[in-house]
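To start, the structure under review is shown below, and the notes come after it.
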Amino acid sequence: MGLATYAARRAVTSVILFFVSVSIAFFIFRLLGNPVAIMVGPGLPPGAAQVLTAEFGLNKPLWLQFVLFWRNFFHGNLGDSFVYTGTPVLQVIFPTRFINTVVLMGSGMLLSYLVSIPLGLLAGRRYGSMLDRGFSGLSVVLISLPAFWLALIILLVLGFYLGWIPLGGTVTLNRTFSSWWSYAANYMHHLIGPMISIAVFFFGSNFLITRASSANVLRENFIRTFEAAGVGEGTIVFRHGLRNAILPELSFMAVQMSFLVAGAIFTESVFSWDGMGSLIYLAVQNSDYPVLQATFIFIAIVVIASNYIADILYGLIDPRVRYD
Amino acid sequence: MSEGDVLLEVRDLCVVYESLDARIRAVDHVDLTLRRGETLALVGESGCGKSTLGNAIIGILPANAEVSGEILFEGVNIVSLPRKRMRRIRWEKIAMVFQNAQNSLDPTLRVGDQLVEVILAHRSIPRVEAQRRVKELFSLVGLPPDYYRSYPHELSGGSRQRVIIAMALLLNPQLLIADEPTTGLDVSVQLQILNLLKDIKQRFQMSMIFITHDIAVANYVSDRMAVMYAGQIVEAAPSQALLAKPLHPYTIALTESLLTLDRRVKKQPIAGFPPDLSKTITGCRFAERCRFAVDECRREEPPMVDVDGRVSKCFFAEQISNKVVGYDYRGD
């Protein structure tokens, strides 16, 4: 079976997986209890509960709710937020919060990969050296640090003491921007702090995984072949080492992609970054089921898609992968 | 023999592997001379230091190896050469064919591209020219040109070994070190590879160091043999002469462990084990397993004795040669 057939077949299973996981999400959120009971306080008239229940369609049988859910889903309707009353969930999420989070997590994770993967390869090559021991120790420390504490320290040092970064938000409030360029510059300035927090947060695990597989790969016989053949150290580490050591890291990255849409709850809260993480935090606090359900669906889409991409990349990087 | 005839000279070479709790003397005061156009076989059982010696010559010992002594290649001591200059000597002057372990080539890249990479690491030539060179060598070692685009796992063991040999020839080296090049191959394929090595050695006018544990294979490919035991060369002689009339008890034992078609001669394994190289050894290293050993052998290290232009590291070399002590002596 060739790569194309494999890709097509995996696409079909991915779509099935998507339907199954979203269906599971549907039932889990129905098990959480009656949202009307949470919304209706003692101040409301007795008939209010019935009206709200009918409004949400919760008086219909479960199978019908399930059918209606999918029908609405394909019409781009994921329900209305409980907190932002009457606002459709998709409008709560898109475009601002979604974009904010994708920009923050995308840049932070990319920065983390750009630093941790080359360093991991080098540390694996010089296993047991000062460089290896130094960064391995640092990684363990960084992994053990709570994310909110890390974000607070970065905010305190870079923002409060040094004054290099703003103390919060995505742009300076109450300011009119003369051009999209000055808006972008201001946005980027606000991005630095949370981006560094995310990059530091992801550094340790990615470094350690790359280092471990690099140390294994760079001990193999073919590395000795190229050393003996007078091939340069850079080619050995970053061509042969990278290609062979990246596979475990690739699966790990696919899992990490869920953060791309889920955001980082702590980091976003500390930096008042108006993204998905902050939204999830708010939604959990206020039992905003439709918002949580929608975020769950987005995370499912991203995880399934990124695993799909990782599986295809596996085959492209390692020719020994068989598609059957 | 004039000076110009000598390609490689190893003088008093020691390699010590340093680990946390031990110092292992893998190569212990080895002297070796290799003439241009000559094939020298290094013979010995596993752990005798023959591979370490080969790796020391091409300079790919691990970081915990301590080297002393001299390796003169074309009169230049390459032991003390800076990394950069040594990297140029590797493959341009000295190339190596490794044991056919499954993974002597990068599993994720096409074999042709890996060979091109080696050329481009040494020569600033256009890629197409390097590709042409690779294809040229493929046909020379008997590989179809379309194997260029194959991945290592798609090739048979024999073909993979041909790729490795082609790789060794890329830059026209003067010395080829072949370290157990036929291990792990089918017997019929082994012979093909041995013939290929002999053939290309002639064609490229190279010298070759052939490392093997198999004295019959060594005899088939080499002009001269050096027998190693426990980190030392114990006997060196022209191959035919060495096999016909070994002058060291270890070599005698090695020839006796050979399979012959003569049913009257019983195949004799060598009893006992080589000594622990992390300990200081007094006397002859083979004494514990030697049938001729006397007290003196255990007390004092025998010198290299010259007998009829051959060398043997045994007190009794002369007697063995004059059949005072017989090498056809088998047990009691």
Margin query: What's the separation between atom CD in Glu220(A) and atom CG in Leu105(B), rounded to the nearest 0.5 Å?
Written below: 12.0 Å
Checklist line | For the student: nearest non-hydrogen atoms of Glu233(A) and Arg87(B), plus distance | finding: N-NH1, 4.3 Å
Notebook entry, point to check: Can you name the residues of residues 59-81 of chain B that have some heavy atom under 4.5 Å away from a heavy atom in chain A?
Noted result: Ile60(B)
Notebook entry, point to check: Considering only heavy atoms, which portion of Met167(B) lies under 4.5 Å from any heavy atom of chain A: side chain, backbone, both, or neither?
Noted result: side chain
Next item on the list: Could you tell me which non-hydrogen atom of Pro319(A) sits nearest to which non-hydrogen atom of Pro107(B), and how far apart they are?
Entry: CG-O, 3.2 Å
Margin query: Would you compute the distance between atom CD1 of Ile58(B) and atom CD of Glu227(A) and round it to the nearest 0.5 angstrom?
Written below: 11.0 Å
Margin query: Can you confirm whether Tyr147(B) is buried at OH, in the sense that more than 12 heavy atoms of other residues, nucleotides or ligands lie under 6.0 Å from that atom?
Written below: no
Next item on the list: Please list, in residue-number order, every residue in residues 119-145 of chain B that has a heavy atom less than 4.5 Å from any heavy atom of chain A; write 'none' if there are none.
Entry: Ala121(B), His122(B)
Checklist line | Side chains of Gln114(B) and Phe222(A) in contact at under 4.5 Å (non-hydrogen atoms) | finding: no
Check: Quick one: of Gly230(A), Ala229(A), Gly232(A), who has the most non-hydrogen atom pairs under 4.5 Å with chain B?
Finding: Ala229(A)
Notebook entry, point to check: Who passes salt bridge (Lys or Arg N to Asp or Glu O under 4.0 Å) against Glu154(B), sequence neighbours left out?
Noted result: none
Check: In Å, rounded to the nearest 0.5 Å, how long is the span from OH of Tyr151(B) to CG of Asp318(A)?
Finding: 9.5 Å
Checklist line | Distance-minimising heavy-atom pair for Phe98(B) and Ala228(A) | finding: CZ-CB, 3.7 Å
Notebook entry, point to check: For Trp273(A), what residues pass the ring-ring contact (aromatic ring centres under 6.0 Å, His included) criterion, not counting sequence neighbours?
Noted result: Tyr187(A)
Notebook entry, point to check: Are more than 12 heavy atoms from other residues, nucleotides or ligands located less than 6.0 Å from atom CZ of Phe226(A)?
Noted result: yes
Next item on the list: Working to the nearest 0.5 Å, report the span between OG1 of Thr108(B) and CD1 of Ile317(A).
Entry: 8.5 Å
Note to self: Rounded to the nearest 0.5 Å, what separates atom CG in Leu109(B) from atom CZ in Arg239(A)?
What the structure shows: 5.0 Å
Margin query: Looking at Tyr314(A), I'd like to know if its OH atom is crowded, meaning that more than 12 non-hydrogen atoms belonging to other residues, nucleotides or ligands lie closer than 6.0 Å.
Written below: yes
